[in-house]
Number of protein chains: 2
Amino acid sequence: MNKPTSSADHPELLKLENQLCFPLYAVSRMFTKAYQPFLQQMDLTYPQYLVLLLLWEHRELTVKALGDKLLLDSGTLTPLLKRMEQKQWVSRRRDPRDERSVIIGIQPAGDALQQQACRIPEHLIERLQLSVPEFEALRQQLNTLLTRLT
Amino acid sequence: MNKPTSSADHPELLKLENQLCFPLYAVSRMFTKAYQPFLQQMDLTYPQYLVLLLLWEHRELTVKALGDKLLLDSGTLTPLLKRMEQKQWVSRRRDPRDERSVIIGIQPAGDALQQQACRIPEHLIERLQLSVPEFEALRQQLNTLLTRLT
DNA sequence: GAATGTTTAATTGTGTGCAATTAAAATGTA
DNA sequence: TACATTTTAATTGCACACAATTAAACATTC
């Protein structure tokens, strides 16, 4: 009974091609790569871009709020935000009303990046060749999964 | 004309919630986290699990072939495979017919992990609460995107 | 068959991700 | 007020990812 598993009795479920996890993992990374040429021009990384998307909209957010929205913890965000602070894109300061919290604010140099960034989504949509209904359907399915997984 | 962008003229396309990239990025990471409790029991990481999925099926693959299938380069794979070699899950040797290539082979200890791993997909499918048609539709859409992005 | 170009891994350096721990601040409770 | 609990960031350590470079082996061309 210790005979090694042959391809004959290899469960179909364990084949890479039948998994949902792999295309998800791979598409996510390829997506990030598709952003690269645009982000590189702005000296931005992909997660840093996500932080800016939130700060362009909300102007100020605590590290906790950023983490809740991006599903990232301080172990990831703290060093990332320190790098963004060094480049003068964001400010970091303690909340005087709750010294535990650190408030991240958008800075002028960070705001300036929006002019270039606003072109990115159209480039990506073109690259993906997805119709609007396809795009919406996929987005909703992923958001449903996200809800179930969090 | 240097007035900072207000939320009023903030393009809808630049909101995190309207992006496809973010749910993809987040779901992918949450998926990996959902595998964690099972993989942890086997002392496996998620990309190592993907390597094993391929080796259980193909028994031997070059680093190049693994990289082609997983869309990962040697900068990621070489150290990962060295760690797997240390744990006796895989073997690494040069191809005598082409000394540039390194052949990765599954070892008995790596094969043994399949007994536990074969339970993982069912656990995950249950966790996702996806019907078979939903599962298939999503998988196909992601594979289509993967093709367009590579 | 030497020169040139291509392919393949390995290496280096930077930036995430994330589990686990630490420490400070705030909150709840006796 | 004292004490325990909870919340929030920061820190530490490890494992990816990936761009860029290096070096060896192979292939091509003349």
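Numbered from 1 within each chain, the chains take letters A, B, ... in sequence-line order.
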Worksheet item: Can a donor-acceptor pair under 3.5 Å be found between the side-chain atoms of S74(B) and the base atoms of dA10(C)?
Response: yes
Item to complete: Kindly compute the distance separating CG (L145(B)) from CZ (R127(A)), expressed to the nearest 0.5 Å.
Response: 11.0 Å
Worksheet item: In whole angstroms, how far is the P atom of dA25(C) from the CZ atom of R94(A)?
Response: 8 Å
Worksheet item: Is there side-chain contact between D95(B) and I103(B), with at least one heavy-atom pair below 4.5 Å?
Response: yes
Discussion item. Mind checking if T62(A) touches a base, just sugar-phosphate, or nothing, with heavy atoms under 4.0 Å?
Written reply: sugar-phosphate
Response to the item:
From the candidates dA9(D), dA25(C), dG17(C), the one with an atom nearest any side-chain atom of E99(A) is dA25(C)
Item to complete: Just compare dA10(C), dA10(D), dC16(D) and give me whichever is closest to any side-chain atom of K82(A).
Response: dA10(D)
Worksheet item: What is the distance from CG of L72(A) to P of dC18(C), rounded to the nearest Å?
Response: 6 Å
Practice prompt. Take atom CZ of R100(A) and atom P of dT7(D), then tell me their distance rounded to the nearest Å.
Written response: 9 Å
Worksheet entry | Nearest-angstrom distance from the residue atom CG of L80(B) to C1' of dG17(C) | 15 Å
Discussion item. We want to know whether S131(B) and E134(B) form a side-chain donor-acceptor pair, criterion being a heavy-atom distance below 3.5 angstrom.
Written reply: yes
Worksheet entry | Atom-to-atom span, CE of M84(B) to P of dC16(D) - whole angstrom | 9 Å
Discussion item. How many whole angstroms separate atom CZ of R93(B) from atom P of dA25(D)?
Written reply: 18 Å
Practice prompt. Specify the separation, in whole Å, of atom CG of L81(A) and atom P of dA10(D).
Written response: 8 Å
Item to complete: Report yes if at least one side-chain N or O of Q40(B) is closer than 4.0 Å to OP1 or OP2 of dA19(C); otherwise report no.
Response: no
Discussion item. Mind checking if D98(B) touches a base, just sugar-phosphate, or nothing, with heavy atoms under 4.0 Å?
Written reply: sugar-phosphate
Fill in: Any T45(A) side-chain nitrogen or oxygen under 4.0 Å from OP1 or OP2 of dT16(C)
yes
Worksheet, complete the sentence: note: L66(B), atom CG; dC16(D), atom P; distance rounded to Å ~ 14 Å
Worksheet item: Considering residues at least two apart in sequence or located in another chain, which fulfil the side chain to side chain contact (heavy atoms under 4.5 Å, CB included) criterion with E17(B)?
Response: E57(A), K15(B)
Item to complete: Determine: side-chain N/O of T78(A) to OP1/OP2 of dA10(D), distance under 4.0 Å, yes or no.
Response: yes
Discussion item. Just so I know, are the side chains of L24(A) and V27(B) near enough to count as touching, which here means a heavy-atom distance under 4.5 Å?
Written reply: yes
Discussion item. Can you see if the side chain of Y25(B) gets near the phosphate of dG17(C) - specifically, an N or O under 4.0 Å from OP1 or OP2?
Written reply: yes
Worksheet entry | Linked, directly or transitively: L53(B) and L142(B) (ILVMFWY side chains, under 4.5 Å) | yes
Item to complete: Determine the contact category for Q36(A): base if any of its heavy atoms lies under 4.0 Å from a base atom, sugar-phosphate if only primed atoms, P, OP1 or OP2 are that close, otherwise nothing.
Response: nothing
Response to the item:
By nearest-nucleotide position on DNA chain C, the 5'-leaning member of R92(B) and P79(A) is R92(B)
Worksheet item: Quick one: on DNA chain D, does T76(A) or D95(B) contact a more 5' nucleotide (nearest heavy atom)?
Response: T76(A)
Worksheet item: Is R83(B) near enough to dC16(D) that one of its side-chain N or O atoms lies under 4.0 angstrom from OP1 or OP2?
Response: yes
